[in-house]
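In what follows, a single structure is set out as C-alpha cells and then discussed.
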Number of protein chains: 2
Amino acid sequence: MADINYLRHSERPDAALTEPALREAIELLFFAYRDFTGEPDALLARHRFGRAHHRVIYFVGRQPGITVSELLAILKITKQSLAPVLKVLVARGFVAQAMGAKDRRQRHLTLTEKGQALEERLYHIQSARIARAYRQADPAAIAGFRRVMRAITDDPQMGRGGR
Amino acid sequence: MADINYLRHSERPDAALTEPALREAIELLFFAYRDFTGEPDALLARHRFGRAHHRVIYFVGRQPGITVSELLAILKITKQSLAPVLKVLVARGFVAQAMGAKDRRQRHLTLTEKGQALEERLYHIQSARIARAYRQADPAAIAGFRRVMRAITDDPQMGRGGR
DNA sequence: TAATTTATGTCAGCCATGTTGACATATTGC
DNA sequence: GCAATATGTCAACATGGCTGACATAAATTA
C-alpha cells in the first residue's frame, strides 16, 4: 500500500518520507488552508461575496491593469465561471474595466478605491494570521516553509507576480 | 494600510513581516493548495466524486470507527452537508456504517475494501507530491514547514489524529 | 417512570462556484 | 479579406455548502 513513497533519497531511510510523515503533511495542508480561508469568508459574506470574489480582488489588486485572460490563467478557471463574479464586482463598483490602448479588445482590470479598501481589509485579516505564525518561527523555519510550499506548487513562479 | 503587520517581534525590524513577505505567504498557500488538490480531483471525477467525498474517505480511513459527529467536528461542516456525501459513499460501497456497541445511537464509519483501495490511490497521488517536495528540502526546511503550517492552523492538533 | 438531552437522519429551499458547449462581437494581424 | 484572438453571453448542469424545521431512537437525568 503506497510503498513507493518509502523510496529513499539517498541510501539510508529518510524519516521525512514515511507514510505517517507524509500523511501529516497532507493534513497540515488541509487544516491550514481551511483556517486560513475561514476568517476572510466571514467578511466577504457581509458583502454577499464569496471566495471567488476574493481571489479576483486579490489578483487585480496585485496586478492593476491585468487583462481578463491573464486573470483566467492565474485562477485556472473558465471565463464562464469568472463572468458572473467579475460582473457583480464591476456593477457594485469594486473593480473598473478599461479598454486596452494598444489592443482595444482587451479589458484591463483595476480596483476602484472601494475595491482597494476591501482588499486591504482582507489582506489585513490574512496577513495577521501569517504574521502570527512567522513570529513564532525563526528565519530558518520561515525559509523552510517557503521552500517546501514552492516545491509543492506546480509552477513556483506563481501567476505573474514572479516572486 | 495594514501597517499593523509591520509590528516587530523584538526591537529590530523583521524582514519576514513586511507586506511583500506576507503577500508571498498568502499566495504560496493559494497556489500550493490549488495544485495539491488538482490531481486527486481528476481521479475522484472518474468516480463522480468530489472533494467532499475525498475528505470523508480520508478521515474515515485515518480513524476507522469514527462517528458521524466526530467527522462533522473535523470537517467543520453541517450534518445536512455531510448527509448526501455520506449517503452515496455508503450506497456505492465505499463506506460501511456500524451501530455503536456501547451507544446504539452512534454510527461508526469504516472504509470497505473498495473504499480502502480508493483511499490508497488518492493518498498515493498526494503523498507523491509531498515526497517530491520533501526530497528537495533538507530536514531543517521540513521542520520549518511543519512549524509554520501548524502555527497557521487554529487547532494545531488537527482532528483526532493528534500528531 | 417521565422528561430531557443527544446522535442521527431527512426534507425543503436557497446560494455560490464551478463545468461544457455553443454562439456572438469586435478587433487585430497576416 | 480572412483567420485568429479577446471578450462576452446564454443555457443546462453538478457540486457542495447553508439554514430551518422536524422525526426517531436511545441514553441520561430528574
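Numbered from 1 within each chain, the chains take letters A, B, ... in sequence-line order. Reckoned from all heavy atoms, side chains included, excluding hydrogens, waters and symmetry mates. Worth saying up front: this structure is predicted, and the values here are computed from it rather than measured.
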Send over the distance from Leu72(A) CG to dT7(D) C1', rounded to a whole Å. 10 Å
Separation of Ile66(A) atom CD1 from dT7(D) atom P, in whole Å? 10 Å
salt_bridge(Arg129(A), Asp154(B)) N-O dist < 4.0 Å: yes
Flag, side chain of Arg107(B) to backbone of Arg105(B), donor-acceptor distance under 3.5 Å: yes
Whole Å only: how far is the NE2 atom of His108(B) from the P atom of dA26(D)? 14 Å
Just how far, in rounded Å, is C1' of dA7(C) from CG of Leu71(B)? 14 Å
Whether the Thr37(A) and Arg51(A) side chains hold a donor-acceptor pair (N or O, under 3.5 Å, no angle test) is what I'd like checked. yes
Below 4.0 angstrom, which residues in residues 96-106 of chain B have at least one non-hydrogen atom near DNA chain C? Gln97(B), Arg105(B), Gln106(B)
Could you tell me whether Glu27(B) and Arg34(B) have a side-chain N and a carboxylate O separated by less than 4.0 Å? no
Ser69(A) side-chain N/O to dT7(D) phosphate OP1/OP2 under 4.0 Å: yes
Ring centroid separation Phe94(A) to His47(A) under 6.0 Å: yes
List the protein contact pattern of nucleotides 14-24 of chain C with one symbol per nucleotide (5' to 3'): B for base contact, S for sugar-phosphate-only contact, - for none; contact means a heavy-atom distance under 4.0 Å. --SSSBBBB--
Calculate, to the nearest 0.5 Å, the distance between atoms CG and NZ belonging to Leu86(B) and Lys79(B) respectively. 13.0 Å
Identify whether the distance between the nearest side-chain nitrogen and carboxylate oxygen of Glu119(A) and Arg23(B) falls below 4.0 Å. yes
What is the distance, rounded to the nearest whole Å, between atom CD of Glu70(A) and atom P of dA6(D)? 10 Å
Run Phe59(B) and Phe31(A) through ring-ring contact (aromatic ring centres under 6.0 Å, His included) and show every step you take. CA-CA 12 Å; Phe59(B) 287 109; Phe31(A) 290 110; 5.8 Å; yes
Round to a whole Å and report the spacing from CZ of Arg107(A) to P of dT7(D). 8 Å
